[in-house]
Amino acid sequence: MGASSAIARTRSLYERVRKVVSPVEWALMAADVEAILELKRARNAVILAHNYQAPAIFHCVADLVGDSLALAREARSVEADTIVLAGVHFMAETAKLLNPDKRVLIPDTRAGCSLAESITPEDVRLIRARYPGVPVVTYVNTSAAVKAESDICCTSGNARAVVESLGVERVVMLPDEYLARNIAAETDVDIIAWTGHCEVHELFTAADVAELRASYPGLVVLAHPECSPEVVAAADYSGSTAGIARYVEAQRPGRVVLLTECSMSDNIAALNPGIDFVRPCNLCPHMKRITLPKIRRALETMQHEVTIDPAVAEGARRAVERMLEVR
Ligand code: 13P
Ligand code: SF4
């Protein structure tokens, strides 16, 4: 199969991303896109992709896309034998926890997360000893071993609802300090935070927001709650990546900036012509480890399979499933 014929055969797929992917870039991608679609059929596999994945992955090869909460929910209804997780390792672990009998592949095992790296199961045990009886709410951006030490998980899309569902006056919320402080500002529940930060979102400052507003009149500023409370306070709206996408689609601001990982702007821009996206670009190096050639290779070799120590899987699954019961 020549590159030029792959380009011709994938023309309709290219239409989905032509606003954000140049023809020269597509020429390098078309053969991988075509091969991945064929391999998915041959392997009875589906691709779950996070909102931060590059546009060609997000719009052209993924079967299900969304924020961490949607990917966890969708993972439960997958019927295929194999799930390829185009996202970071904790997302693949969550998919495996919810599908213990399916094969879950991650195209690059080094796709980590600075939040997941910021805390260990031992840390959680020490925190419990320090705050006896206080429930521990753990962000899904953690290892399965940390989840196993927790009472319940949350995502940025349901953190407040999870905290309030417990019916207590005080919770420990791990490991993202900024998410914990942002939720504390919205609820009467007293929140004890840890000191983890997202290496992408902590780069945004309130001074950046002021500068952006001065440079781009009429700009609507949307911030992920992994940004600092100062940035969130300076924004017009804060929500999960799915919340941000919903805001753009419902409000259709003339000019908008998303204070989050920058592929997200490309993915939404491809669907929303006519909206001017201002794009300060902070890329997540972990998310960007996942590429079309690596997805292709994962399906060709059925590597790298995600496994979870049975000693932690049961406790971690309980914490994730308890979260999914919260409405
Ligand atoms: P969402 O759950 O909002 O998609 O966020 C996941 C994440 O890793 C943000 O950095
Ligand atoms: Fe982790 Fe931040 Fe990357 Fe999200 S953007 S995966 S929180 S490092």
Side-chain angles (χ1 to χ4, degrees), residues 48-54 57-58 62 64-75 85-95 98 106-119 137-143 146-147 153-163 173-183 193-204 222-228 231-232 235 237-248 258-268 280-291 320 323-324 326:
L48 269 55
H50 185 259
N51 289 328
Y52 293 163
Q53 289 297 295
I57 297 173
F58 185 90
L64 297 163
V65 295
D67 66 357
S68 309
L69 182 58
L71 295 183
R73 284 200 198 291
E74 300 286 357
L85 205 302
V88 291
H89 195 261
F90 76 81
M91 295 174 178
E93 275 194 337
T94 304
L98 297 169
I106 183 140
D108 188 326
T109 53
R110 296 167 302 167
C113 170
S114 67
L115 282 169
E117 287 301 312
S118 74
I119 191 155
V137 178
T138 294
Y139 198 28
V140 285
N141 298 38
T142 47
S143 65
V146 164
K147 289 182 176 75
C153 289
C154 74
T155 74
S156 60
N158 63 10
R160 179 179 174 181
V162 166
V163 163
M173 196 168 169
L174 307 169
D176 187 349
E177 180 195 350
Y178 292 156
L179 178 69
R181 285 173 54 199
N182 286 322
I183 298 302
W194 183 246
T195 54
H197 293 146
C198 162
E199 67 190 80
V200 178
H201 292 88
E202 71 176 349
L203 298 178
F204 296 109
L222 311 181
H224 193 277
E226 289 171 12
C227 294
S228 72
V231 169
V232 167
Y237 166 84
S238 175
S240 75
T241 56
I244 288 173
R246 280 194 298 270
Y247 184 102
V248 173
L258 314 187
L259 301 183
T260 190
E261 212 268 357
C262 74
S263 292
M264 170 96 187
S265 296
D266 290 339
N267 288 332
I268 305 183
C281 198
N282 289 346
L283 285 169
C284 172
H286 312 291
M287 288 280 179
K288 294 289 122 51
R289 285 195 183 278
I290 308 302
T291 60
V320 173
M323 166 187 87
L324 293 174
V326 175

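If you read the sequence from its start, that first residue is 1, and numbering goes on from there. We count ligands from 1, going down the list as the structure has it; atoms in each ligand are counted the same way.
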Where is the nearest protein heavy atom to atom 7 (C) of ligand 1: which residue, which atom, and how far?
Glu226 OE2, 3.6 Å
In the protein, what heavy atom is nearest to atom 8 (O) of ligand 1, and what distance, to one decimal place, separates them?
Asn141 ND2, 3.3 Å
Using heavy-atom distances only, which candidate in Cys113, Ser156, Ser118, Gly196 approaches atom 1 (Fe) of ligand 2 most closely?
Cys113
Spacing of Leu174 atom CG and Asn141 atom CG [to the nearest 0.5 Å]
12.5 Å
SG-SG under 2.5 Å, Cys198 vs Cys113
no
Sub-4.0 Å heavy-atom approach of His50 to ligand 1
yes
What protein heavy atom sits nearest atom 3 (Fe) of ligand 2, and how far away is it?
Cys284 SG, 2.4 Å
Which bit of Val140 gets closer than 4.0 Å to ligand 1, counting heavy atoms only: side chain, backbone, both or neither?
neither
Protein heavy atom at shortest distance from atom 2 (O) of ligand 1:
Ser68 OG, 2.8 Å
Give the minimum heavy-atom separation between Ile290 and Asp108, together with the two atoms involved.
CD1-N, 3.9 Å
Considering non-hydrogen atoms of the protein only, which is the closest contact for atom 4 (Fe) of ligand 2, and what is the distance?
Tyr52 CE1, 4.0 Å
Just to be sure I read this right, does ligand 2 sit under 4.0 Å from the backbone of Glu226, its side chain, both, or neither, counting only heavy atoms?
side chain
Tell me, yes or no, whether the heavy-atom count around Glu117 atom CD, taken from other residues, nucleotides or ligands under 6.0 Å, exceeds 12.
no
Strictly under 2.8 Å, is any N, O or S atom of His286 next to atom 3 (Fe) of ligand 2?
no
Does a side chain donor of either Glu261 or His224 reach within less than 3.5 Å of an acceptor in the other side chain?
no
